[in-house]
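Take a look at the structure set out below.
FYI, the numbering just counts along the sequence from 1.
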Amino acid sequence: MIKQKNILINLFLILIFVPSICFAMEKVFYTLRGERTGDYQNISQEIAELKRHANSVDIIITQAYQLDNKGTLWGRVNPRLYQFTRAEKIHLMPMVTNEGYDQSLTHRLLISSKARRRAIDNLLEVCKKYKYYGIQIDFENVYIDDRNYLTEFYTELAKALHKNGFKISIALFPLTSNIPPTTALKRLYNNWAYAYNYKALGEASDFVSIMAYNQHGGVTTPGPSAGIPWVRKVIEYSLQYIPANKISLGIPSYSTYWHMVERDKRNHSLGADISFKTAADLIKKNNAQVMWDASQGVNYTFYNRNQFNE
């Protein structure tokens, strides 16, 4: 049996990298890469692109390290990226994530003063060894009950780094209010969003990165990755707690591909992130017409696709 399905591609495409606005008028760029083999095979193209814009980049934040529940630090900065930043005199800040974004492991790290101390010592050691500009913390999937522990750990780390002349930043989940706007978002607030004390973390930081994307995605209803009205609310909320000159706004450089899936004999929309090239190829292949949503400030398109349903 052949079924007709609507495929919606939401386009919010800015740049090749995920940029941010400013940190004391400095320009920050991210290279979100891990330790996978493919990441290292693609580094030549990435560095070539960075070389073309080296004069427009002050700080590169690169996904590099993880902390486990005992405070052990593992990972590394790509050696070629490290050499590039040294040659171009660009500040380098490694991004440090919680192990596997695992909630229980993160809890064990944060509640242990011994593990936190080991983590701080390890981060200070690599900053000194490699002469980093500083560290950005990107802890995600943190339970709301660990909110104070996260703040304490980050404040302790900030004091240690500042004492030794290094900078510190943190990636913050985007919020628009202190109360979940819908019942469906309550679980997200309790298990992810509201673990961040904007005011305290902002005071301890040299700058913060607001992750102003993923407004819609995964199992939500179809919609923009970062519609302008929503982004405006995220900024307005942030400004209540953090000075403007400390805010770096993360902007999505991907699209979301929406399609229908059947679960429990009912159809549901499912979204997946896709690259600019993939979106462009799909549009061309399916002869889809790109339209402009003025209310959200995004391009979008949809087309019909036939699929065998076995």
Side-chain angles (χ1 to χ4, degrees), residues 14-15 17-32 56-65 67 85 90-98 110 119-120 123-124 127 132-140 142 146-178 189 192-215 226 228-253:
I14 306 298
L15 293 172
F17 302 105
V18 178
S20 31
I21 294 180
C22 69
F23 157 49
M25 300 309 291
E26 292 184 306
K27 295 168 285 294
V28 185
F29 278 75
Y30 286 78
T31 58
L32 301 181
S56 301
V57 181
D58 297 311
I59 303 171
I60 290 179
I61 298 177
T62 182
Q63 196 168 0
Y65 296 103
L67 280 169
T85 58
I90 295 174
H91 295 312
L92 181 63
M93 292 184 75
M95 178 188 292
V96 180
T97 59
N98 48 326
L110 295 177
I120 292 170
L123 289 169
L124 193 56
C127 281
Y132 293 142
Y133 187 56
I135 293 291
Q136 179 168 93
I137 296 296
D138 180 22
F139 277 20
E140 302 184 30
V142 180
D146 289 330
R147 174 184 169 97
N148 290 338
Y149 291 119
L150 175 60
T151 302
E152 289 173 9
F153 167 65
Y154 186 78
T155 302
E156 292 166 358
L157 175 60
K159 289 178 179 177
L161 290 176
H162 286 152
K163 183 179 179 180
N164 288 273
F166 300 108
K167 306 295 184 182
I168 187 168
S169 173
I170 188 168
L172 297 178
F173 192 93
L175 292 171
T176 58
S177 75
N178 290 324
Y189 266 56
W192 206 295
Y194 207 58
Y196 308 101
N197 184 328
Y198 267 45
K199 188 175 188 299
L201 296 175
E203 289 174 350
S205 299
D206 291 288
F207 70 99
V208 302
S209 295
I210 309 295
M211 297 182 284
Y213 39 82
N214 283 356
Q215 177 190 5
I228 296 301
W230 176 79
V231 172
R232 184 177 292 111
K233 289 181 180 178
V234 169
I235 295 171
E236 289 171 348
Y237 177 89
S238 303
L239 288 172
Q240 295 179 60
Y241 304 99
I242 305 170
N245 65 347
K246 283 191 175 186
I247 294 176
S248 170
L249 189 69
I251 301 173
S253 59

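Just one of Ser205, Ser169, Ser248 meets the side chain to side chain donor-acceptor pair (under 3.5 Å) condition when paired with Gln136; it is Ser169.
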Please report the C-alpha distance between Glu236 and Arg232 in whole Å, then the side-chain angles of each, then the deciding distance to 0.1 Å, and finally whether the salt bridge (charged side-chain N to carboxylate O under 4.0 Å, His left out) criterion is met. CA-CA 6 Å; Glu236 289 171 348; Arg232 184 177 292 111; 5.1 Å; no
Stepwise side-chain contact (heavy atoms from CB on, under 4.5 Å) check, Tyr198 with Asn178: CA-CA 11 Å; Tyr198 267 45; Asn178 290 324; over 6 Å; no
What verdict does the side-chain contact (heavy atoms from CB on, under 4.5 Å) test give for Ile90 and Tyr133, after you've listed the backbone C-alpha separation in whole Å, the side-chain angles of each residue and the deciding distance to 0.1 Å? CA-CA 9 Å; Ile90 295 174; Tyr133 187 56; over 6 Å; no
Given the rule in the side-chain contact (heavy atoms from CB on, under 4.5 Å) test, do Thr85 and Thr62 qualify, once you have shown the distances and angles that lead to the verdict? CA-CA 11 Å; Thr85 58; Thr62 182; over 6 Å; no
Step by step, work out the side-chain contact (heavy atoms from CB on, under 4.5 Å) result for His91 and Lys167. CA-CA 10 Å; His91 295 312; Lys167 306 295 184 182; over 6 Å; no
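Relative ring orientation between Tyr196 and Phe173 is described as parallel, the plane-to-plane angle staying below 30° on a 0-90° scale split at 30° and 60°.
In plain terms, the two heavy atoms of Ala160 and Leu124 that are nearest each other are O-CD1, 4.0 Å. When all heavy atoms of Ala64 and Pro94 are compared, the closest pair comes out as CB-CB, 4.0 Å. In plain terms, the two heavy atoms of Ile120 and Glu156 that are nearest each other are CD1-CB, 3.6 Å. The shortest heavy-atom contact between Ala195 and Leu150 is O-CD2, 3.7 Å. Closest heavy-atom contact between Ala226 and Pro252: CB-CG, 3.8 Å. Closest approach of Phe153 and Ala119 over heavy atoms only: CE1-CB, 4.0 Å.
Within the model, atoms OG of Ser209 and CE of Met93 stand 8.5 Å from one another, a figure rounded to the nearest 0.5 Å. Note that CG of Leu67 and CD1 of Ile137 are 6.5 Å apart. Values are rounded to the nearest 0.5 Å. Atom CG of Leu239 and atom CD1 of Ile247 lie 4.5 Å apart (nearest 0.5 Å). Put simply, CD1 on Ile135 and CD1 on Ile61 are 10.0 Å apart, with the number rounded to the nearest 0.5 Å. Atoms CG and OG1, from Asp146 and Thr151 in turn, are 10.5 Å apart once rounded to the nearest 0.5 Å. Taking CD1 of Ile210 as the reference point, atom NZ of Lys246 lies at 12.0 Å (rounded to 0.5 Å).
Within the 4.5 Å cutoff, side-chain heavy atoms of Lys199 are placed close to those of Glu203. Two residues are said to be in side-chain contact when any heavy atoms from C-beta on lie closer than 4.5 Å; Asn98 and Leu110 fail this criterion. Side-chain contact between Ile168 and Leu157 is present, with heavy atoms from C-beta onward closer than 4.5 Å. Side-chain contact between Cys127 and Leu161 is present, with heavy atoms from C-beta onward closer than 4.5 Å.
Crowding of Phe166 atom CZ: a count of heavy atoms from other residues, nucleotides or ligands under 6.0 Å exceeding 12.
Checked against the 6.0 Å centroid criterion, the rings of Phe139 and Tyr154 do not qualify as a close aromatic pair.
With hydrogens and angles disregarded, no donor-acceptor distance shorter than 3.5 Å links the side chain of Asp138 to the backbone of Thr97.
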